Amino acid sequence: MRAAPTILHLDMDAFFAAVEQASKPSLRGKPVVVGGLGPRGVVATASYEARRFGVHSAMPMGQARRLAPHAAYLVPRFAFYRAISGQVMGLLGRLSPLVEPLSLDEAFVDLEAGGLADDSASARAVGERLRAEILATTGLTGSVGLAGSKMLAKIASEEAKPDGLVLFEPGTERALLAPRSVRIVPGVGPATGDHLRRAGITTVADVVEAGEDELVRILGRSHGASLYRMALGHDGRPVVAERDAKSVSVEDTFDVDLHDRPRIRLEVERLAERCVERLRRSGHSGRTIVLKVRRYDFSTLTRSETLRGPTDDPLVVREAAERLLELVDTTGGVRLLGVGVSGLADYTQEDLFAQAEAEAGAGTGAGGHEGGGQAEADEGVVPSVAAAAPPTATGTAARRWAPGNDVRHAVLGAGWVQGSGLGRVTVRFEEPGSTAPGRVRTFSVDDPELEPADPLPLVPGGVTGAEPAVPVVRTGD
């Protein structure tokens, strides 16, 4: 534990939803839900207005619609979110060389390593300045927690929400933690929490009272001892600037179960190519190819194959995923497919056989498939939702005009899609700087004057969706 609160935790407030409200004046102050809009979609983020109705992240979208039927439901714009996240992480990088991103909207910063703070007053000043800079740069708000450890800094930022700053003075850890639920301690999830509850341990004070020996008996040596130290406020985990990536993966959930084996194979091929795109953007290659299949009865199977060396060759990954698919019975139907690569490295060992086959295939007209759909979100894993039938002209138009996406009309200018169907698309024409909600117009989905567009910057001179997206890979804790 540090003698000064020089560990900062930043958590952007309802990040995805806040970006949508900032870009769309008509949604400010209203409930907004971002996520997969299909019947099997899940909530990525809900605005604070939507949370009052009980909507929260990772909730099935159908349940969210029942709780908040009048909310605005929008598809995620991940490239735009990543661009804005890059701005925020850039501001954190000016504070210290030790910045540990946890997701697009969350990070730890070691202020001591940056030489900007050595006591409570200086740490608070840095935190307030950071919040002001984030607002000026992005138009968004973030909550800041300051403490002598990562655990307490994260708890402080949670208490600061929304748009606040909370500082925990070192030396007050025991008193701060004692009355809180044991679930607030890192590493205590639902299963561990239930296990402790059955033993009569529900608060952090109960953990301390139980003692280390009892916790080891209940949870095992490693977990029990760690929980006891955390309950005493002893968290010596450092802020780590670079965490080793463990895997890169993409997955799709389908509106209707897939039964056609060729269609399932096609989706696996597309997922493999999307996975390789993310792998290359992250600057990695990998040795182990993983296929994930969730069947009609919700049973989930994973199959993996380890190659002779790391690769980022789309043909190699695709063929490995196809071989793994042959090991899975999909007779009853498939509701989710995923392809991942683990055992990551920062170099590639070329597979000469695959390279020769690729060259031979090119000579006979063989080619890959264009990947489609959204990659999963890192603000809580959000699988994309793919159509369950081969694309048609109408289906393509529906995806092109998804609710929340940006458009531009040759005459009316910039706007965003409110909804589409039956060959029509409804657009609200407004920009982030608009002082009042924009007007609404409806067009044919094939109107030649209407076309998809990049997002407009939230503040003058800010980033747009055309900015290069920073790749995000799954990392360990």
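Note that the coordinates shown come from a computational prediction; the quantities given were computed from them, not determined experimentally.
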### Pair Ser299, Asp297: side-chain N/O donor-acceptor within cut-off below 3.5 Å
yes
### Message
Could you check whether any side-chain N or O of Thr137 sits under 3.5 Å from a backbone N or O of Ile134, counting only pairs where one atom can act as donor and the other as acceptor?
### Response
no
### Message
For a quick check under 3.5 Å, do Thr442 and Thr426 share a side-chain donor-acceptor pair by atom type?
### Response
yes
### Message
Between Arg295 and Arg335, does the side chain to side chain contact (heavy atoms under 4.5 Å, CB included) criterion hold? Intermediate values first, please.
### Response
CA-CA 6 Å; Arg295 299 189 293 188; Arg335 59 184 290 121; over 6 Å; no
Donor-acceptor list for residues 409-417 side chains, cut-off 3.5 Å, not counting sequence neighbours:
unit_1, atom_1, unit_2, atom_2, d
His409, ND1, Val411, N, 3.0
His409, ND1, Leu412, N, 3.1
Trp416, NE1, Glu430, OE2, 2.8

### Which residues share a salt bridge (Lys or Arg N to Asp or Glu O under 4.0 Å) with Glu305, sequence neighbours left out
Arg323
### Separation of Phe16 CZ from Ser85 OG (nearest 0.5 Å)
9.0 Å
### Message
Could you tell me if the side chain of Leu140 sits less than 4.5 Å from the side chain of Phe15, heavy atoms only?
### Response
yes
### Query
Considering the options Leu458, Leu456, Asp406, which one meets the side chain to side chain contact (heavy atoms under 4.5 Å, CB included) requirement together with Ser23?
Leu458
#### Entry: Modelled atom types, side-chain donor and acceptor of His9 and Glu158, under 3.5 Å
no
### Task
Would you mind checking if Glu267 and Arg270 are paired as a salt bridge, meaning a charged N to carboxylate O distance below 4.0 Å?
yes
### Task
Would you sort out whether Glu49 and Val32 count as a side chain to side chain contact (heavy atoms under 4.5 Å, CB included), showing the intermediate values?
CA-CA 7 Å; Glu49 295 85 357; Val32 174; over 6 Å; no
### Message
When you measure from the side chain of Glu100 to the backbone of Phe108, do you find a donor-acceptor pair of N or O atoms at a distance under 3.5 Å?
### Response
no
### Summary
Scanning both residues in full, the closest heavy-atom pair of Asp163 with Asp13 reads N-OD2, 2.8 Å
### Message
On the six-membered ring of Tyr48, is Arg51 placed so that its NZ or CZ lies under 6.0 angstrom from the centre and within 45° of the ring axis?
### Response
yes
### Query
Side chains of Glu20 and Val34: closer than 4.5 Å at any heavy-atom pair?
yes
### Message
Using every non-hydrogen atom in the two residues, find where Val144 and Ala160 come nearest and quote the distance to one decimal.
### Response
O-CB, 3.7 Å
### Leu74 side, atom CG; Gln21 side, atom CD - distance, nearest 0.5 Å
9.5 Å
#### Entry: Within 6.0 Å of CZ in Arg221, more than 12 heavy atoms from elsewhere
no
### Task
Please name the pair of heavy atoms, one in Val182 and one in Leu227, separated by the smallest distance, quoted to 0.1 Å.
CG2-CD1, 4.4 Å
### Task
Look only at the side chain of Lys150 and the backbone of Asp235, and say whether a donor-acceptor pair between them is shorter than 3.5 Å.
no
### Donor-acceptor pair between Thr203 and Asp206 side chains, under 3.5 angstrom
yes
### Query
Taking side chain as C-beta onward, heavy atoms only, is Arg294 less than 4.5 Å from Val334?
no
### Query
Between CG of Leu344 and NE2 of His284, what distance do you get to the nearest 0.5 Å?
5.5 Å
## Note on the structure
Heavy atoms of Val425 and Ser444 approach each other most closely as CG1-O, 4.0 Å
### Query
Can you tell me how far CD1 of Ile289 sits from CD of Glu322, rounded to the nearest 0.5 angstrom?
12.0 Å
### Task
Give, for atom NZ of Lys161 and atom OG of Ser157, the distance between the pair rounded to the nearest 0.5 Å.
6.5 Å
### Message
Between Val290 and Thr288, is there a side-chain heavy-atom distance shorter than 4.5 Å?
### Response
yes
### Query
Any side-chain heavy atom of Leu102 within less than 4.5 Å of one from Asp11?
no
### Query
So, do Pro437 and Arg428 sit near enough that their side-chain heavy atoms are less than 4.5 Å apart?
yes
#### Entry: Arg65 NZ/CZ over Tyr73 ring centroid, <6.0 Å and within 45° of normal
yes
### Task
Return the minimal non-hydrogen interatomic distance between Ser285 and Leu279, and the atom names on each side.
CA-CD2, 4.0 Å
### Task
Evaluate the side-chain proximity of Arg265 to Leu325: yes if any heavy-atom separation is below 4.5 Å, no if none is.
yes
### Message
Closer than 4.0 angstrom, basic N to acidic O: yes or no for Arg408 and Glu451?
### Response
no
### Lys/Arg-Asp/Glu bridge criterion (N-O < 4.0 Å) met for Glu326, Arg303
no
### Query
Would a distance-only check, ignoring hydrogens and angles, find a side-chain to backbone donor-acceptor pair under 3.5 Å from Ser420 to Trp401?
yes
### Query
So Met12 and Leu10, side chain to side chain contact (heavy atoms under 4.5 Å, CB included) or not? Walk me through it.
CA-CA 7 Å; Met12 299 295 289; Leu10 170 72; 4.2 Å; yes
#### Entry: Side chain proximity check, Pro314 to Arg280, heavy atoms < 4.5 angstrom
yes
### Task
Starting at OG of Ser47, measure out to CZ of Arg52 and round the result to the nearest 0.5 Å.
8.0 Å
### Query
Between the side chain of Thr138 and the main-chain N/O of Leu135, is any donor-acceptor distance below 3.5 Å?
no
#### Entry: Pair Val276-Asp313, side chain to side chain contact (heavy atoms under 4.5 Å, CB included): steps then yes or no
CA-CA 7 Å; Val276 170; Asp313 188 316; over 6 Å; no
### Closest heavy-atom pair and its distance - Cys275, Val341
SG-CG2, 3.8 Å
### Task
Go through the side-chain N and O atoms of Thr330 and Arg261 and say whether any donor and acceptor fall under 3.5 Å apart.
yes
